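One structure is given below, encoded as structure tokens.
Note that the coordinates shown come from a computational prediction; the quantities given were computed from them, not determined experimentally. Along the sequence shown, residues are numbered consecutively beginning with 1.
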Amino acid sequence: MNKILIVEDDRALNQGIVLTFRQEDYEFTQCYTQSEARDYLTQMTFDLILLDVNLPDGSGLDLCMEIRQHLATPIIFLTANDLEVDVVTGFELGADDYITKPFSLMILRARVSAILRRSKQESSNKGLIIDHFEFHFDEMRFLKRKEPVELSKTEQKLLKLLVQNQGIVLARSVLVDKIWTDGAEYVDENALSVTIKRLRDKLEDCPAKPKYIQTVYGVGYSWTVDKRG
């Protein structure tokens with residue numbers, strides 16, 4: 001299921017996009033302002049973002065810059081600004097495509113499909129890149145600042161769950177259930193804490209003050225990119 005975030009204040013167009021893609025393998029999250037989009041981006045991960053340039057609470061260009069500081073999620077700009085300088089600016093800020101209004105929803109659907117297909121191919125070749133990390137789960141190859149990091153299979157499972165759900169707090173019970181799936185009736189509660197510690201020791205610059213693998217006390221753990229850089 002491809003997850004797409006729509007950031008478009010024209011409610012008719014926003015809903016029209018959703019209806020155009022119905023019966024296909026897409027799941028949409030609809031919002032209408034930058035503020036709403038920021039909230040969703042801290043809680044969920046997406047495969048593609050459709051982003052209006054002119055929003056009620058600011059420019060989509062600024063939001064694009066914020067997103068590109070930490071995420072490589074494909075972005076398609078939707079805008080009435082068709083001047084060459086506007087298009088060039090959009091691409092320079094990291095947009096993957098730029099569609100000017102009015103546009104055909106069928107054309108939009110074709111472009112979305114093309115970008116998602118290309119994104120998956122690139123992801124398969126490059127692995128998952130976050131800051132100075134490269135995680136190639138299919139090849140069981142992991143790099144930190146281009147240096148290889150050896151991870152056990154359990155550490156790999158935990159890392160994959162965390163990074164695929166960036167910004168989302170995963171409960172300890174959920175992690176235990178998904179990682180230790182060998183049918184064991186009893187799993188030592190301490191096993192997760194030990195695996196978290198080992199992962200931090202291998203990935204964090206300062207394991208005692210982790211930047212990425214955060215503990216949410218009383219709940220679980222989350223992979224968090226420090227937006228302060």
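- Annotation: side-chain contact (heavy atoms from CB on, under 4.5 Å) contacts of Asn165 (sequence neighbours excluded): Ile168, Leu170.
- For Phe133, the ring pair (Phe, Tyr, Trp, His ring centres under 6.0 Å) partners are Phe135, Tyr212, Trp223, not counting sequence neighbours.
- Side-chain atoms of Leu159 and Gln156, non-hydrogen and from C-beta on, never get closer than 4.5 Å to each other.
- Side-chain atoms of Leu78 and Leu51, non-hydrogen and from C-beta on, never get closer than 4.5 Å to each other.
- Nearest heavy atoms, Phe77 versus Gly60: CE2-O, 3.8 Å.
- In this structure, CG in Asp9 is found 5.5 Å from CG in Leu55, a value given to the nearest 0.5 Å.
- Summarising the geometry, atom CZ belonging to Arg141 is positioned 11.0 Å from atom CG belonging to Asp138; distances are rounded to the nearest 0.5 Å.
- With Glu36 contributing its side chain and Tyr32 its backbone, the two residues share a donor-acceptor pair below 3.5 Å.
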Side chains of residues 86-95: which donor-acceptor partners sit under 3.5 Å, not counting sequence neighbours?
{"residue": "Thr89", "atom": "OG1", "partner": "Val85", "partner atom": "O", "Å": "2.7"}

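- Glu155 places a side-chain heavy atom less than 4.5 Å from the side chain of Thr195.
- The salt bridge (Lys or Arg N to Asp or Glu O under 4.0 Å) analysis of residues 56-69, with sequence neighbours excluded, yields the pairs Arg38-Glu66, Arg68-Asp96.
- Every residue meeting the side-chain contact (heavy atoms from CB on, under 4.5 Å) condition with Leu105, not counting sequence neighbours, appears here in chain and number order: Leu13, Ile17, Thr20, Phe103, Leu108.
- Note: Tyr221 OH to Ser193 OG = 4.0 Å, rounded to the nearest 0.5 Å.
- Counting non-hydrogen atoms of neighbouring residues, nucleotides and ligands closer than 6.0 angstrom, the CE atom of Met44 exceeds 12 such neighbours.
- A single hydrophobic cluster is seen to contain both Leu61 and Leu71, as judged by linkage of ILVMFWY side chains at heavy-atom distances under 4.5 Å, directly or through other members.
- Between the CG atom of Leu48 and the CD1 atom of Ile6 there is a distance of 9.5 Å, given to the nearest 0.5 Å.
- Considering only heavy atoms from C-beta on, Leu5 comes within 4.5 Å of Cys31 through its side chain.
- Other members of a hydrophobic cluster containing Leu143 are absent, since no ILVMFWY side chain comes under 4.5 Å of it, directly or through relayed contacts.
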Audit row: Tyr98, Ile76, side chain to side chain contact (heavy atoms under 4.5 Å, CB included) steps and yes/no
CA-CA 6 Å; Tyr98 194 104; Ile76 298 179; over 6 Å; no

Assess the residue pair Leu203 and Arg198 against the criterion (side chain to side chain contact (heavy atoms under 4.5 Å, CB included)); give the C-alpha distance rounded to whole Å, side-chain angles, the decisive distance to 0.1 Å, and a yes or no.
CA-CA 9 Å; Leu203 298 179; Arg198 288 176 178 167; over 6 Å; no

For the pair Asp10 and Asp52, evaluate side chain to side chain contact (heavy atoms under 4.5 Å, CB included) and give the outcome as yes or no after the intermediate values.
CA-CA 9 Å; Asp10 183 329; Asp52 187 13; 6.0 Å; no

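- Side-chain contact check for Leu41 versus Ile67: some heavy-atom pair is nearer than 4.5 Å.
- Of the possible donor and acceptor atoms, one in the side chain of Asn14 sits under 3.5 Å from a partner among the backbone N and O of Glu8.
- Other residues sharing the hydrophobic cluster of Ile107, ordered by chain and number and joined by side-chain separations under 4.5 Å: none, the residue standing alone.
- Lys197 is linked by a side-chain contact (heavy atoms from CB on, under 4.5 Å) to Asp201, counting only residues two or more places apart in sequence or in another chain.
- Side-chain atoms of Arg200 and Thr215 include a donor-acceptor pair closer than 3.5 Å.
- Contact annotation: the side chain of Thr29 never approaches that of Ile4 to less than 4.5 Å [non-hydrogen atoms, C-beta and beyond].
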Derivation of the side chain to side chain contact (heavy atoms under 4.5 Å, CB included) call for Arg22 and Leu19:
CA-CA 5 Å; Arg22 66 184 174 186; Leu19 293 175; 4.0 Å; yes

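- We find the CD1-CD1 distance between Ile75 and Ile115 to be 10.5 Å, quoted to the nearest 0.5 Å.
- Annotation: Lys3, atom NZ; neighbour count of heavy atoms from other residues, nucleotides and ligands within 6.0 Å does not exceed 12.
- Separating the CZ atom in Phe142 from the CG atom in Leu151 is a distance of 5.0 Å, to the nearest 0.5 Å.
- Contact check for Asp205 versus Lys211: no side-chain heavy atoms found under the 4.5 Å cut-off.
- Tyr40 and Met65 fall within a single hydrophobic cluster, where Ile, Leu, Val, Met, Phe, Trp and Tyr side chains are chained together by heavy-atom contacts under 4.5 Å.
- Residues satisfying the side-chain contact (heavy atoms from CB on, under 4.5 Å) criterion with Asn2, sequence neighbours excluded, are Asp25, Tyr26, Asp47, Leu116, Lys120.
- Listed by chain and number, the residues in a ring pair (Phe, Tyr, Trp, His ring centres under 6.0 Å) with Phe28 are Phe21 (sequence neighbours excluded).
- Among residues two or more places apart in sequence or in another chain, the salt bridge (charged side-chain N to carboxylate O under 4.0 Å, His left out) test is passed with Lys146 by Glu134.
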Apply salt bridge (Lys or Arg N to Asp or Glu O under 4.0 Å) to Lys144 and Asp131, showing your working.
CA-CA 9 Å; Lys144 176 182 177 181; Asp131 290 355; over 6 Å; no

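- Counting only heavy atoms from C-beta outward, the side chains of Thr224 and Gln166 never approach each other to under 4.5 Å.
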Salt bridge (Lys or Arg N to Asp or Glu O under 4.0 Å) for Arg172 and Asp177? Distances and angles first, verdict last.
CA-CA 9 Å; Arg172 290 180 61 90; Asp177 182 60; over 6 Å; no

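- For Lys160, the salt bridge (charged side-chain N to carboxylate O under 4.0 Å, His left out) test picks out no residue, with sequence neighbours left out.
- Judged by distance alone, with hydrogens and angles left aside, the side-chain atoms of Glu204 form no donor-acceptor pair with the main-chain N or O of Lys209 at under 3.5 Å.
- Around the CE atom of Met106, the shell of radius 6.0 Å holds no more than 12 heavy atoms that belong to other residues, nucleotides or ligands.
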